[in-house]
Peer 1: 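Before I ask anything, let me first share the structure, which is written out below as structure tokens.
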Protein chains: 2
Amino acid sequence: MKPIDVFKALSNETRLNILQWLKEPEKHFPKQGAHLPKEVSYKGGVCVGDIQEKANASQSTISHYLNMMQKAGLLESVRHGQWTYYRRNEEVIRQLAEYFETEI
Amino acid sequence: MKPIDVFKALSNETRLNILQWLKEPEKHFPKQGAHLPKEVSYKGGVCVGDIQEKANASQSTISHYLNMMQKAGLLESVRHGQWTYYRRNEEVIRQLAEYFETEI
DNA sequence: ATTATATATCGAGTTTTCTCGATATGTCAA
DNA sequence: TTGACATATCGAGAAAACTCGATATATAAT
């Protein structure tokens, strides 16, 4: 986890929104595609299409953003069939908050 | 304090270094210019020239960086004669850590 | 096999950031 | 008031990030 990559990832309103939406997926993605049972689906994250729809940017842009956020360590992904589900990597985010408090 | 401006300010290695150096100015700027009595000087921050020397970038670049960091809220400045001293704005940085914990 | 759907990758034009040297401004000393 | 020094601002070329549409890949359904 390189702090600078994380800060870059957070330097964009859409990406910051995505990270915050994924804190409460049930709230921000209510009509979540029923490709999976609800429990699994929410725990497993939200699929790219749903995120794209809410973020209102092109499909390629959102895919790129999610990849960047994952490389920075903020997100993790699981593939189920043709869908890729992204969710927060809470462990890394916790470390990051700690880094912020002690190193910044 | 806009989080995105802060994250942008932190997205650069030199600026991140400056912020961290200013946590312990005595340690990182030992041969601090004696323009002011030591107590005053360290409390008041470090002057642009000393920061520039350590950061190893041009004078205009460092001046620009410091200004950007101040606008983001991370630093504050005091002018004494021909020198401008920059120091951390600990209050804003504290708020920021809190924002990080609760909102990110 | 073919078609349809979801996501990833590619290529490129646009915008923003980076970084510098040159110059302007402000302050002190002689 | 002139000269020297510290810092700020300006202008611009180079590099990086943004963002899109087009296309490729992977999976599922028929």
Side-chain angles (χ1 to χ4, degrees), chain A residues 2 4-19 22 29 31-36 40-41 44-72 74-87, chain B residues 2 4-19 22 29 31-36 40-41 44-72 74-87:
Chain A
K2 296 180 201 160
I4 289 194
D5 290 340
V6 173
F7 293 135
K8 279 186 186 168
L10 297 175
S11 297
N12 173 286
E13 190 164 9
T14 300
R15 291 192 296 264
L16 196 53
N17 283 337
I18 290 172
L19 193 63
L22 291 178
F29 303 93
K31 45 173 191 165
Q32 157 110 266
H35 328 111
L36 284 176
V40 180
S41 186
V46 179
C47 72
V48 179
D50 288 353
I51 297 172
Q52 185 209 338
E53 189 180 344
K54 189 164 174 73
N56 202 34
S58 80
Q59 189 269 323
S60 58
T61 296
I62 296 302
S63 181
H64 177 211
Y65 282 3
L66 294 171
N67 184 256
M68 174 185 321
M69 292 169 82
Q70 179 168 26
K71 279 188 178 152
L74 294 166
L75 301 182
E76 54 193 353
S77 69
V78 195
R79 179 135 208 181
H80 283 290
Q82 43 190 335
W83 291 275
T84 306
Y85 294 84
Y86 283 89
R87 67 182 169 205
Chain B
K2 297 179 199 160
I4 289 194
D5 290 339
V6 173
F7 293 135
K8 280 186 185 170
L10 297 175
S11 297
N12 173 285
E13 190 166 6
T14 300
R15 291 192 297 265
L16 195 53
N17 282 337
I18 290 172
L19 193 62
L22 291 178
F29 303 93
K31 45 173 194 168
Q32 157 111 263
H35 329 110
L36 284 176
V40 180
S41 186
V46 178
C47 73
V48 179
D50 288 353
I51 297 172
Q52 185 209 338
E53 189 179 345
K54 190 165 174 70
N56 202 32
S58 79
Q59 188 270 323
S60 59
T61 296
I62 296 302
S63 181
H64 177 211
Y65 281 3
L66 293 170
N67 184 257
M68 174 186 319
M69 292 170 81
Q70 179 168 28
K71 278 186 180 153
L74 294 167
L75 300 183
E76 53 193 352
S77 69
V78 195
R79 179 137 207 182
H80 283 291
Q82 42 188 337
W83 292 275
T84 306
Y85 293 84
Y86 283 88
R87 67 181 171 207

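Below, chain A is the first sequence line, B the second, and so on; all start at residue 1. Note that the structure is predicted; figures quoted are calculated from it, not measured. Because only heavy atoms are used, hydrogens play no part in the values below, and waters and symmetry mates are left out as well, while side chains stay in.
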Peer 1: Specify the separation, in whole Å, of atom CD1 of I4(A) and atom C1' of dC18(C).
Peer 2: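 Going from I4(A) (CD1) to dC18(C) (C1'), I get 14 Å.
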Peer 1: What pairs meet the salt bridge (Lys or Arg N to Asp or Glu O under 4.0 Å) rule with one or both residues in residues 54-65 of chain A, with sequence neighbours excluded?
Peer 2: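 Sorted result for residues 54-65 of chain A: empty, none.
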Peer 1: Rounded to the Å, how far apart are W83(B) CH2 and dC5(D) P?
Peer 2: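 To the nearest whole Å, that distance equals 11 Å.
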Peer 1: Using the six-membered ring wherever Trp is involved, compare the ring planes of H80(B) and Y85(B) and label them parallel, tilted or perpendicular (cut-offs 30° and 60°).
Peer 2: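 Ring orientation of H80(B) relative to Y85(B): perpendicular.
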Peer 1: Quick check on dA8(C): is either OP1 or OP2 less than 4.0 Å from any side-chain nitrogen or oxygen of Y86(A)?
Peer 2: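 Affirmative; the distance criterion is met.
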Peer 1: Let me know the distance between CD1 of I51(A) and P of dA6(C), rounded to the nearest Å.
Peer 2: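 Going from CD1 in I51(A) over to P in dA6(C) covers 14 Å.
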Peer 1: Answer yes if the side chains of S60(B) and S63(B) hold a donor-acceptor pair under 3.5 Å, and no otherwise.
Peer 2: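 Note: S60(B) and S63(B) side chains miss the donor-acceptor criterion.
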Peer 1: Any side-chain donor-acceptor pair under 3.5 Å between S77(B) and T84(B)?
Peer 2: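 No.
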Peer 1: Can you measure L66(B) atom CG to dT9(D) atom C1' for me and round it to whole angstrom units?
Peer 2: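 After rounding, the reported distance stands at 14 Å.
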Peer 1: Measure from CD on Q82(B) to C1' on dA29(C) and round the result to the nearest Å.
Peer 2: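 Distance check: Q82(B) CD to dA29(C) C1' gives 9 Å.
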Peer 1: Just how far, in rounded Å, is C1' of dT27(D) from NE2 of H80(A)?
Peer 2: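 After rounding, the gap between these two atoms is 14 Å.
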Peer 1: If I compare all heavy atoms of R15(B) with all of K8(B), which pair ends up nearest, and what's the gap?
Peer 2: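 That closest heavy-atom pairing would be NH2-O, 3.2 Å.
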Peer 1: Could you run down nucleotides 15-22 of chain D 5' to 3' and tag each one B, S or - for protein heavy-atom contact under 4.0 Å?
Peer 2: --SSBBBB
Peer 1: Can you tell me the distance, in whole Å, between the CZ atom of R79(A) and the P atom of dT5(C)?
Peer 2: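 From R79(A) CZ to dT5(C) P: 16 Å.
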Peer 1: Would you list the pairs meeting salt bridge (Lys or Arg N to Asp or Glu O under 4.0 Å) in which at least one residue belongs to residues 56-70 of chain A, sequence neighbours left out?
Peer 2: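 Of all non-adjacent pairs touching residues 56-70 of chain A, none passes salt bridge (Lys or Arg N to Asp or Glu O under 4.0 Å).
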Peer 1: Pick base, sugar-phosphate or nothing for T84(B), based on heavy-atom distances below 4.0 Å to the nucleic acid.
Peer 2: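 Counting heavy atoms under 4.0 Å across all strands, the contact made by T84(B) is with sugar-phosphate only.
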